[in-house]
Amino acid sequence: MVKIRHGVVAALVLALGFQATADAQQAPATPAPPAASAPVPNVPTPEPPASQLAAARDVVMSSGMARSFTPMVPQLMEQIGPVLTRTRPEMAKDLAEVLKQLQPEFDKKTDEMIDIAAHVYARRMSEEELRQTAEFFNSPVGKKYVESQPAMLDELVVAMQAWTQQISTFMMTRVRQEMIKKGHPF
C-alpha cells in the first residue's frame, strides 16, 4: 500500500513540477498590467491555542494519518546505506552502528510531521469541529473506518487505474467518431 501511495504522490509531484517549470519558461506575450493595489504582506498566522492543537493532534492520530508518516524514517534510513557505501563499502559496519545509534533521534522527526499536520488541521477547523471529528474516529465505527481504509485505498487505486484506461479509450473513440463526421478520417 505504501509503495502505491508514494508512486501516486511522486507522479503528482512530478506533474506539478513539470507544470511549474513550463509556466516559468513561458514568457507572457505582453507585459502584465501594474497591480491595482500594493501586495498584501505575508502576515504570520497566530499559533492556535494548545487545546485546539491537542484536538487536532488527536484527529491526526486517530484518523490513521500518522501511520502514513511512520514508515518514512525507516525508508529513508534504508536508503542512506546504499548511497554512502556504494563507493565506500568498507564503512558499512560502522554506518550500520551509527544508524542504529541515531534511530531514536530520527524517530523523533516523525513527531515533527505529526505536529505539522496538527497545525494544518488546527488552521482549517475549529476546536469543536476537531473534537467532534476525533470523537468519530475514536468511536467503534470510526475505528472500523480507519482499520479498513488502507485496503479500501488499495482497491480504489486499482479501480481508478482501470477506470482511467477505460475512459481514455472511450474518449478517444468518441473524438474519432466526431472527427470522421467532420471529414477527418483516422
Side-chain angles (χ1 to χ4, degrees), residues 1-28 41-48 50 52-125 130 133-134 137-138 142-143 145-165 168:
M1 175 62 196
V2 171
K3 289 181 182 177
I4 291 174
R5 274 195 248 156
H6 289 149
V8 171
V9 170
L12 180 60
V13 168
L14 282 174
L16 292 173
F18 285 132
Q19 183 60 43
T21 301
D23 291 345
Q25 291 175 351
Q26 293 176 353
N42 187 8
V43 179
T45 57
E47 181 73 8
Q52 187 171 355
L53 280 173
R57 187 176 177 87
D58 190 12
V59 171
V60 170
M61 299 302 291
S62 62
S63 70
M65 179 183 291
R67 71 178 171 216
S68 299
F69 309 141
T70 304
M72 297 307 295
V73 168
Q75 288 175 1
L76 292 170
M77 286 180 67
E78 286 177 18
Q79 294 173 9
I80 290 173
V83 169
L84 294 179
T85 60
R86 185 174 301 133
T87 58
R88 308 247 342 253
E90 73 279 2
M91 54 185 221
K93 182 181 176 213
D94 289 340
L95 179 60
E97 290 173 15
V98 166
L99 288 172
K100 185 176 180 178
Q101 170 193 339
L102 293 175
Q103 184 164 358
E105 183 179 337
F106 294 159
D107 287 342
K108 290 179 184 174
K109 296 297 182 182
T110 301
D111 285 337
E112 286 180 12
M113 190 60 223
I114 291 169
D115 287 340
I116 290 168
H119 276 82
V120 169
Y121 275 49
R123 282 194 301 272
R124 302 284 180 176
M125 297 177 75
L130 290 164
T133 303
F137 284 121
N138 287 310
K143 287 179 180 181
Y145 172 82
V146 171
E147 176 188 316
S148 303
Q149 192 180 37
M152 291 186 295
L153 290 174
D154 281 345
E155 196 172 329
L156 282 170
V157 166
V158 171
M160 188 174 72
Q161 290 168 339
W163 175 81
T164 301
Q165 181 63 42
S168 174

K.L.:
Just so I know, are the side chains of Phe137 and Met61 near enough to count as touching, which here means a heavy-atom distance under 4.5 Å?
P.N.:
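A side-chain contact is absent here, since even the closest heavy-atom pair is not under 4.5 Å.
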K.L.:
Using 0.5 Å steps for rounding, measure from the CG atom of Leu102 to the CG atom of Asp107.
P.N.:
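One gets 10.5 Å once the value is rounded to the nearest 0.5 Å.
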K.L.:
Say you draw a straight line from CE of Met113 to OG1 of Thr70; how long is it, rounded to the nearest 0.5 Å?
P.N.:
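Atom-to-atom, Met113:CE and Thr70:OG1 are 11.5 Å apart.
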K.L.:
So, for Val59 and Tyr121, which heavy atoms are closest and what is the spacing to 0.1 Å?
P.N.:
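Smallest interatomic distance, heavy atoms only, reads CG1-CE2, 3.4 Å.
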K.L.:
Are any of the side-chain heavy atoms of Leu76 and Gln79 separated by less than 4.5 Å?
P.N.:
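When only atoms from C-beta onward are counted, Gln79 and Leu76 do touch, with a gap below 4.5 Å.
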K.L.:
Measure the CG-CD1 distance between Asp111 and Ile116 for me, rounded to the nearest 0.5 Å.
P.N.:
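If we round to the nearest 0.5 Å, Asp111:CG and Ile116:CD1 are 11.0 Å apart.
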K.L.:
Keeping Thr164 on the side-chain end and Met160 on the backbone end, is there a donor-acceptor pair under 3.5 Å?
P.N.:
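Checking the backbone N and O of Met160 against the side chain of Thr164, a donor-acceptor pair under 3.5 Å is found.
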K.L.:
What's the separation between atom CG in Leu95 and atom CD in Glu90, rounded to the nearest 0.5 Å?
P.N.:
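That separation rounds to 11.0 Å.
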K.L.:
Looking only at heavy atoms, what is the nearest atom pair of Ala92 and Thr85, with distance?
P.N.:
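Heavy atoms of Ala92 and Thr85 come nearest at CA-CG2, 3.8 Å.
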K.L.:
Can you find a heavy atom in the side chain of Val60 that is under 4.5 Å from one in the side chain of His119?
P.N.:
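Heavy-atom side-chain distance check fails, nothing below 4.5 Å.
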K.L.:
Carefully, step by step, assess Lys100 and Glu97 under the rule salt bridge (charged side-chain N to carboxylate O under 4.0 Å, His left out).
P.N.:
CA-CA 5 Å; Lys100 185 176 180 178; Glu97 290 173 15; over 6 Å; no
K.L.:
How far apart are the closest heavy atoms of Ala122 and Pro48, and which atoms are they?
P.N.:
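Closest approach of Ala122 to Pro48: CB-CG, 3.8 Å.
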K.L.:
Might you point out which heavy atoms bring Phe106 and Val73 nearest each other, and give the distance in Å?
P.N.:
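Heavy atoms of Phe106 and Val73 come nearest at O-CG2, 3.5 Å.
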K.L.:
So which heavy atom on Ser63 is nearest to which on Val146, and how close?
P.N.:
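Looking at all heavy atoms of both residues, the closest pair is O-CG2, 3.5 Å.
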K.L.:
Would you mind reporting whether Met72 and Thr110 have side-chain heavy atoms less than 4.5 Å apart?
P.N.:
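SC-SC contact between Thr110 and Met72 ruled out.
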K.L.:
Which value, rounded to the nearest 0.5 Å, describes the distance between Gln149 atom CD and Asp154 atom CG?
P.N.:
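Here the interatomic distance stands at 10.5 Å.
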K.L.:
Just how far is it from atom CG of Asp58 to atom OG1 of Thr133, taken to the nearest 0.5 Å?
P.N.:
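Spacing of CG (Asp58) from OG1 (Thr133) equals 10.0 Å.
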K.L.:
Counting only heavy atoms not in Tyr145 (residues, nucleotides, ligands), do more than 12 fall under 6.0 Å from its OH?
P.N.:
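Counting other residues, nucleotides and ligands, OH of Tyr145 stays at 12 neighbours or fewer.
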K.L.:
Looking at Leu130 and Gln52, what are the two nearest heavy atoms and their distance?
P.N.:
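Nearest heavy atoms, Leu130 then Gln52: CD1-O, 3.7 Å.
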